[in-house]
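Structure first, then comments.
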Amino acid sequence: MGIELRNITKRFSSYTAIDNISLSVKSGDLVALLGPSGCGKTTLLRIIAGLELPDTGTILLDDKDTTWLPPREKNVGFVFQHYALFRKMNVFENVAFGLKVLPGSKRPSGGEIRDRVEHLLKLVQMEWAVKRYPSQLSGGQRQRVALARALAVNPRVLLLDEPFSALDAKVRQELRRWLRKLHDEIHVTSIFVTHDQEEALELADRIVVISKGRIEQEGTPQEVYDHPANAFVYNFLGNVNVFHGRIRNGRIVLGEQHQLEAADDMKNLEEKEGRAFVRPYEIGISRLQSKGSDLQGTITDIRLLGGQIGLEIACEGFLTPIEAEIPRELFKNLELGRGEKVFVALNRVKVFAGDYEI
Ligand code: ATP
């Protein structure tokens, strides 16, 4: 089931929550709507589900205009941020609910309902819990039951609104991988909302980055991560050093003395304000100067970041410290410590012209 949104706009009083969004989702894809809090992700999801009506625009499901259809006629499965299971029903009853309330002609027989619920509970690896009540399950288990419940009515589209955000980091990561595998098995066209860029990058076939009700970029995780369309996307997709400067003669000049080559050609850009972005792991640290463009700095802070070491380095001529991430092995070999002097190479610099808000 493909989804097509055409020029969707939604206002709440004078506030424009969705600003002329158009988007195509291919049948069977798992798509992430990624953006900061308040950017309109949930509103867009609710509009697709029919829980909210757009002011203008059209929603096509498999080329059929469904803009004005009530939610139950759209046949869309929804999983919310907070477990919306019925507290007084056990797991079996929760999953069977959507089937039992179907109108007579569409309602399967008791035996068919049992088979379908058992099949779904196996799919989400919760078959052992048929008789349990939601209060007897962990948060992750409840979300898996919620997913089985959403899938029970064979939805044409599955919509997930930050389904794992209330869970701790480890469970969230497990469920993410599990959901990806499940999606590869059942291939139901799915859209999930997240403000967690790692979750979007790991899980989605395509990512739609949204800011202030508009799409900033749409593409595969690799396209969006490796080729951010603008400063907002670069900044939003993970930790990054941002330097303000002036683009001049094909380079960006930071302060008076530091000129940087950018990853992209800037020769055609006229002289103007610009910003240089460098991700922490794209920064080289050494004891010896290898290039004239290396910066000199002093380590002011050291942090353990799992497999990497995070360094904060105060560099001459830079107002804010530069953040670098280096492998633990290199950190050990260089025998680095707080207060030590190092040379810093900004290896892959991405420059965006302009000084707009990010
Ligand atoms: P979050 O990640 O925090 O859930 P979001 O990107 O999902 O945020 P939405 O819930 O879509 O954001 O809200 C977008 C904007 O629209 C917000 O500024 C919000 O305050 C506003 N908004 C949403 N629903 C309503 C409503 N029913 N009435 C008025 N304003 C609303």
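Start at 1 and go down the list; that is how both ligands and their atoms are numbered. The basis for the numbers below is simple: all heavy atoms, side chains too, and nothing from hydrogens, waters or symmetry mates.
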**Q.** Residue part near ligand 1, for Ser13, under 4.0 Å between non-hydrogen atoms
**A.** neither
Q.
For Glu335, I'd like to know if atom CD has over 12 heavy atoms of other residues, nucleotides or ligands within 6.0 Å.
A. no
Q. Given Glu202, which of Arg176, Gln173, Arg180 fulfils the side-chain hydrogen bond (donor to acceptor under 3.5 Å, both in side chains) condition?
A. Arg176
Q. Does CG in Leu304 sit with more than 12 non-hydrogen atoms of other residues, nucleotides or ligands closer than 6.0 Å?
A. yes
(Q) Judged on heavy-atom distance to atom 2 (O) of ligand 1, which of Lys212, Arg11, Lys41, Lys10 sits nearest? (A) Lys41
Q: Just need the protein heavy atom nearest to atom 3 (O) of ligand 1, so name the residue and atom and give the distance.
A: Ser37 OG, 2.6 Å
Q: Could you list the atoms of ligand 1 found under 4.0 angstrom from a heavy atom of Pro36?
A: 6 (O)
Q) For atom 23 (C) of ligand 1, what's the nearest protein heavy atom and its distance? A) Phe12 CE1, 3.4 Å
**Q.** Those atoms of ligand 1 less than 4.0 Å from some heavy atom in Gly38
**A.** 1 (P), 3 (O), 5 (P), 6 (O), 8 (O), 12 (O), 14 (C), 15 (C), 17 (C), 18 (O)
Q) What atoms of ligand 1 come within less than 4.0 Å of a heavy atom belonging to Thr42? A) 4 (O), 5 (P), 7 (O), 10 (O), 11 (O)
**Q.** Within 6.0 Å of CZ in Arg72, more than 12 heavy atoms from elsewhere
**A.** no
**Q.** Hydrophobic cluster identity match, Leu53 and Phe78, side-chain contacts under 4.5 Å
**A.** no
Q) ligand 1 and His195, any nitrogen or oxygen pair closer than 3.5 angstrom? A) no
Q: Kindly check if the number of other-residue, nucleotide or ligand heavy atoms within 6.0 Å of CG (Asn333) is above 12?
A: yes
Q) Is Arg348 positioned over the aromatic face of Tyr281, cation under 6.0 angstrom from the ring centre and no more than 45 degrees off axis? A) no
Q. Counting only heavy atoms on the protein side, is anything nearer than 4.0 Å to atom 27 (N) of ligand 1?
A. yes
Q: Indicate whether atom 19 (C) of ligand 1 is within a distance of less than 4.0 angstrom of some protein heavy atom.
A: no
Q | Numbered atoms and elements of ligand 1 in range of Ala17, under 4.0 angstrom, heavy atoms | A | 16 (O)
Q | Distance-only N or O hit between ligand 1 and Gly40, under 3.5 Å | A | yes
Q) Do we get Arg275 above Tyr234's six-membered ring, with its NZ or CZ under 6.0 Å from the centre and within 45° of the axis? A) no
Q. If you count the non-hydrogen atoms of other residues, nucleotides and ligands that lie under 6.0 Å from CZ in Arg156, is the total more than 12?
A. yes
**Q.** Among Thr56, Asn7, Thr9, side-chain hydrogen bond (donor to acceptor under 3.5 Å, both in side chains) partner for Asn20
**A.** Asn7
Q: Can you pull out the closest protein heavy atom to atom 11 (O) of ligand 1? Residue, atom name and distance to 0.1 Å, please.
A: Thr43 OG1, 2.5 Å
Q.
Under a 4.0 angstrom heavy-atom cut-off, which atoms of ligand 1 come close to Tyr15?
A. 15 (C), 16 (O), 18 (O)
Q.
For ligand 1, which is the ligand I care about here, please tell me if Cys39 has any N or O atom under 3.5 Å from one of the ligand's N or O atoms.
A. yes
(Q) So if I count the atoms of ligand 1 from 1 in the order they appear, which ones are less than 4.0 Å from some heavy atom of Glu162? (A) 2 (O)
